[in-house]
Amino acid sequence: MEWTQEMRYRQYQEWSEKYVRELKTNVEQSKWRLNYHIQPETGLLNDPNGFSFFNGKWHLFYQSFPFGAVHGLKSWYHVSSTDLIHWESEGAALEPDCAFDSHGAYSGSALPVGEALFLAYTGNVRDQSWERRSYQLGAWMNKKGEIKKVAEPLISEPPAGFTAHFRDPQLIRSNDEYLMVIGGQTLDEQGEVLVFASQDLVNWQYRGPMKIHQDLGFMVECPNLLSIEEHAVLLLCPQGLKELDYQNVYPNTYILAEEYSAETNSLKNPQKQQVLDEGFDLYATQAFTAPDGRCLSVGWIGLPEMSYPTFGEGWAHSLSLVKELTIKDGKLYQYPVEETQRLRGSQETLVAEANETFMKQTANSYELQLEISSNCQGSIHLFSDSINKKSLVLSYDTKQGKVRLDRSKTDYPLNPEFGETRETIVEQGKSLTIAIFVDKSTCEIFINAGEKTLTANYYPTEEQTYLLLENSQKCHASYYTLNK
């Protein structure tokens, strides 16, 4: 259907039960529904929100428009878990039902405070001229899962000199105060990361833009300030970034620094900004430090302003596996949490002889672990058909230190104007490890235990159920079926 502005912002209660029922039936018939990733029951999923641990459970919320695969009147949807891999639906959490979020409950974060979970989010409001206003809002969730919004905004307007593109608050504790880190845009369209402070979560004082001294594009979304192994890490989504090599419409990036100083509101000795994921489809990563000390992250497998084949089926997108973030030799590593192994079913050792093609039929829901020797070339064909005409191809050359992902061999091209290949560099002449998690129409790839990651959506036909391995030297791989 053609989605008009009126339809996108129609109140939730105005959608008929018949429409919702038919939409759900249509979605259930999709051949691309995922097995073990978080996905919407209907409609569109985007940014992860409120990732936290509270009352003995892991909690995740995500941006939701449940009535179609478009960006419309957004709410928060809630899922919870006891093990970070099996997630149960808790239903709608924050709906756009008050004067300060009338046109969308936008992204934010969560922080346990006493016996409750405090939620901070951006309220989106449009006036009759469709001019935007942004409010930073709060809500409390008790141990029963009941949520009550704070009556008045925590922050009622952007600071002077900033536009209404002022959103995605991250809550953190810092010494004896709370900080709120927010993405912003100056009146001359420069991206900034803004910091506010509070003693009581009610009264917030503006500390100013974080001193980073790097290009942040024309707007910053989804900033997350983290402390990992005595380093400061800033995750962010800078739109319109010019001083970084990337091909996606907007990158998800990170800046690694020695520390963050609350006194000066600055990153000390920040390294050059780098791409967080070198694949096709990852954005809006959110992370927090768990009670066990691990820094855990999750991202949106999708991108804004892009088109995907499931749009026509009434649903779109998923969330990534939960990953642990670590620092090794001055680099940020990302790898699925140890609990992910609980998804494993049967195990099999695959052997690909040198210069021969190994083929295996699959259910397109598996984990593949490989060790690739130095001075070796090869390729892994995911979602392949039986004659290897169509597939998602991961190729590598350890002598040259290159890994390449190609999704051009498909009946369903994905945003080809932004390129159909991605390439990353690894150390030349060294062996490497590759871990691949395939799930029906998406996959996550981890090189050298998370030194590099590549995330990609790919939509196979019903005939594309094979895995092919080709290698210039004999290769062994561990293959696991994955079950929800």
Side-chain angles (χ1 to χ4, degrees), residues 37-41 43-55 57-66 71-81 84 87-98 100-101 103-113 116-124 134-141 145 147-150 153-155 166-172 180-183 201 220-226 235-237 252 282-290 295-304 316-323:
H37 283 79
I38 294 171
Q39 62 190 338
E41 183 177 279
L44 181 133
L45 167 156
N46 58 299
D47 301 5
N49 299 156
F51 193 15
S52 53
F53 186 83
F54 168 69
N55 194 29
K57 285 186 177 182
W58 305 98
H59 295 271
L60 251 178
F61 305 80
Y62 60 78
Q63 288 286 280
S64 170
F65 179 67
H71 292 274
L73 186 60
K74 296 292 181 64
S75 58
W76 281 30
Y77 195 87
H78 183 195
V79 294
S80 67
S81 174
L84 291 171
W87 296 90
E88 294 185 3
S89 170
E90 302 285 354
L94 290 171
E95 293 195 348
D97 56 9
C98 75
F100 301 111
D101 61 17
H103 289 71
Y106 279 17
S107 292
S109 58
L111 187 69
V113 179
L117 185 67
F118 188 67
L119 312 178
Y121 70 103
T122 297
N124 182 47
S134 296
Y135 301 91
Q136 309 313 314
L137 307 176
W140 291 94
M141 187 177 85
I147 296 176
K148 183 177 181 181
K149 293 181 179 179
V150 176
L154 307 178
I155 301 172
F166 172 59
R167 54 180 175 267
D168 310 335
Q170 181 214 12
L171 286 169
I172 53 176
M180 190 184 293
V181 181
I182 307 175
L201 297 171
V220 171
E221 293 190 312
C222 308
N224 269 222
L225 180 62
L226 310 164
L235 307 181
L236 63 162
C237 293
N252 201 157
L282 191 79
Y283 196 74
T285 296
Q286 183 169 101
F288 81 108
T289 301
C295 185
L296 305 180
S297 77
V298 64
W300 165 28
I301 301 183
L303 285 173
H317 307 313
S318 64
L319 295 183
S320 72
L321 293 170
V322 176
K323 291 167 275 193

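None of the values given here were measured: they were computed from a predicted structure.
Here the CD1-OG distance, from I38 to S320, works out to 8.5 Å after rounding to the nearest 0.5 Å. L154 CG to Y121 OH: the interatomic distance, rounded to the nearest 0.5 Å, is 9.0 Å. Interatomic distance, CG of L84 versus NZ of K57, reported as 13.0 Å (0.5 Å rounding).
In this structure, the side chain of S134 does not engage the main chain of R167 through any donor-acceptor pair within 3.5 Å. In this structure, the side chain of Q170 engages the main chain of L225 through a donor-acceptor pair within 3.5 Å. The backbone N or O of Q136 sits nowhere less than 3.5 Å from a side-chain atom of T122 that would complete a donor-acceptor pair. Side-chain atoms of H78 never come within 3.5 Å of backbone atoms of H59 as a donor-acceptor pair (strictly under, hydrogens ignored). Listed for the W76 side chain is a donor-acceptor partner under 3.5 Å among the backbone atoms of Y106.
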* To do: Could you check E95 against S75 for side chain to side chain donor-acceptor pair (under 3.5 Å), going step by step and ending with a plain yes or no?
  => CA-CA 5 Å; E95 293 195 348; S75 58; 5.5 Å; no
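Under the 30°/60° scheme for interplanar angles, the aromatic rings of W300 and H71 are found to stand perpendicular. Aromatic ring orientation, Y135 versus F100: perpendicular (interplanar angle above 60°, classes split at 30° and 60°).
Y77 and Q63 form no side-chain donor-acceptor contact under 3.5 Å, judged by distance and modelled atom types alone.
Note on D101 versus K149: salt bridge recorded, some NZ/NE/NH1/NH2 to OD/OE distance being below 4.0 Å.
Within the 6.0 Å centre-distance limit, the rings of W140 and F118 are counted as a close aromatic pair.
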